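For ligands, and for the atoms within them, numbers begin at 1 and follow the listed sequence. Since this is a predicted model, take the numbers as computed values, not measurements.
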Amino acid sequence: MIILGIETSCDETAASVVVDGTKILSSVVSSQIAVHSPYGGVVPELASRKHIEAIVPVVKEAINSSGINFQKLDAVAVTQGPGLIGSLLVGFSFAKAYAMALDIPWVGVSHLEGHINSVFLEPDPPVFPFVALLVSGGHTSIYHVTSHTKAVLMGQTRDDAAGEAFDKVAKMLGLGYPGGGIIGRLAKDGDPEKISFPRPFLDKLSFDFSFSGLKTSVNRYIQTHKNEYRNMIPDIVASFQESVVDVLSYKIINASMVKDCNNIAMVGGVAANIRLREKVKEEAAKKGIYVHIPSFDLCTDNAAMIAAIGYHYLIKGKVSHINDDVYSKVAI
Ligand code: KG4
Ligand code: ZN
């Protein structure tokens, strides 16, 4: 089944053509970073306007570079939520109209289930059941995943998402937006043990997270080292990153042991973090656990993952209807 995936939940306009939920023929992502970076975060109104400009050229490019004719498409899958309503509406309305014009089925899917299914676009995917850590700009959650379409939430952040903490710390240090990638690069030259930031475990047995206290600690450190912190940026970000990495890796390994799963998946934008990838693999190897992390392009927002999860709903017979609407928040 050849599916066109469409993703516009935040600040990336993306389209992709995927066969049977696994084989990517094309994946196009148009980023709005340049538009939002002067504001240090996504401006929803600007995001919607940019999606409107980008959606047609991005879909055209995805189809052209896939090597197939648009008449060969069997269905359209599109992000229905969660995300920014104005942004979601652009992709969702486009998908509805496009599918209706081609007279093919279409299905609205969860962005979060899309991220979880991104591991199936890589060779050697996980075996069910597995435990997944979703770490992105909007979410930090652990799921027990028993099928492509069933993920039971085990725990999530009570305040900031991990990606949000990276972005806010980068902003405090004047490093630019989005901060995750920038911090990851700068941290390579820093000493992760230089500053002892707290490890916010909450309860060690629970799978909930909290990153706002850690963010406050970094802020306090900057305030109390006003004269010298500019020369210490690699050490500050390396120490901050190590704290986040310690907590995330501990919880995902612990979750897999509690659920007796020897496969774990780590997905979402923060899963692109080199130190996090390294640490999770290192800790998992000690326990004989297999780790599945998508390549960098499939960690951050993309439409291939939307086509992948869409496939699993479509083969079960699920389709969306003209009156269906987008949603901003969900708990899956
Ligand atoms: O999954 P994603 O593209 O969008 C959401 O669904 O939120 O994740 C974006 C988040 C941003 O907060 C960004 O700073 C973070 O992922 N990120 C990283 C890295 N690359 C992107 N965080 C840490 N290290 C990275 N290398
Ligand atoms: Zn995402």
| request: Within a distance under 4.0 Å of any heavy atom of His115, pick out the atoms of ligand 1 and give their elements. | output: 1 (O), 6 (O)
| field | Which of the ligand 1 atoms, numbered from 1, are nearer than 4.0 Å to a heavy atom of Thr300 | value | 3 (O)
| Which atoms from ligand 1 have a heavy atom of Gly163 less than 4.0 Å away? | 12 (O)
| query | Under 3.5 Å, side chain of Asp74 to main-chain N/O of Ile2, donor-acceptor pair present? | reply | yes
| remark: Separation between CD (Gln241) and CG (Leu186), nearest 0.5 Å, reads 10.0 Å
| note | Of all protein heavy atoms, the one nearest atom 24 (N) of ligand 1 is Asn273 ND2, 3.0 Å
| request: Look at atom 18 (C) of ligand 1 and say which protein heavy atom is nearest, naming residue and atom and giving the distance to 0.1 Å. | output: Gly180 CA, 3.4 Å
| Hey, which atoms in ligand 1 end up nearer than 4.0 Å to a heavy atom of Ser136? | 1 (O), 5 (C), 6 (O), 7 (O), 8 (O)
| For atom 17 (N) of ligand 1, closest protein heavy-atom neighbour | Gly269 O, 3.5 Å
| Ion pair Arg275/Glu278, N-O distance below 4.0 Å | yes
| message | Under 4.0 Å between a side-chain nitrogen and a carboxylate oxygen: does that hold for Lys50 and Asp11? | response | no
| query | Going by the order shown, which atoms of ligand 1 are within less than 4.0 Å of some heavy atom of Ala272? | reply | 26 (N)
| Are the ring centres of His36 and Tyr177 closer than 6.0 Å? | no
| request: Tell me whether the centres of the aromatic rings in Tyr229 and Tyr221 are closer together than 6.0 Å. | output: no
| Subset of ligand 1 atoms that lie under 4.0 Å from at least one heavy atom of Gly138 | 7 (O)
| query | Taking atom types as modelled and ignoring hydrogens, do the side chains of His51 and Thr8 form a donor-acceptor contact shorter than 3.5 angstrom? | reply | no
| request: Record the part of Asp167 in heavy-atom contact with ligand 1 below 4.0 Å; permitted values are side chain, backbone, both and neither. | output: side chain
| task | Would you check if the distance from the ring center of Phe166 to the ring center of Phe240 is below 6.0 Å? | result | yes
| query | Is the number of heavy atoms from other residues, nucleotides or ligands under 6.0 Å of Arg199 CZ greater than 12? | reply | yes
| note | Note on the Zn ion (ligand 2): protein N/O/S atoms within less than 2.8 Å are His111 NE2, His115 NE2, Asp301 OD1
| query | Please state which protein non-hydrogen atom is closest to atom 3 (O) of ligand 1 and give its distance, to 0.1 Å? | reply | Asp301 N, 3.0 Å
| Nearest-contact summary for atom 7 (O) of ligand 1 - protein heavy atom, Å | Gly137 N, 2.8 Å
| For ligand 1, which part of His139 has a heavy atom less than 4.0 Å away: the side chain, the backbone, both, or neither? | neither
| task | In plain terms, say whether Arg49 and Glu45 are close enough for a salt bridge, that is, a side-chain N and a carboxylate O under 4.0 Å apart. | result | yes
| query | Is the gap between the ring centers of Phe130 and Phe128 under 6.0 Å? | reply | yes
| Quick one: are the ring centres of Trp106 and Phe94 less than 6.0 Å apart? | no
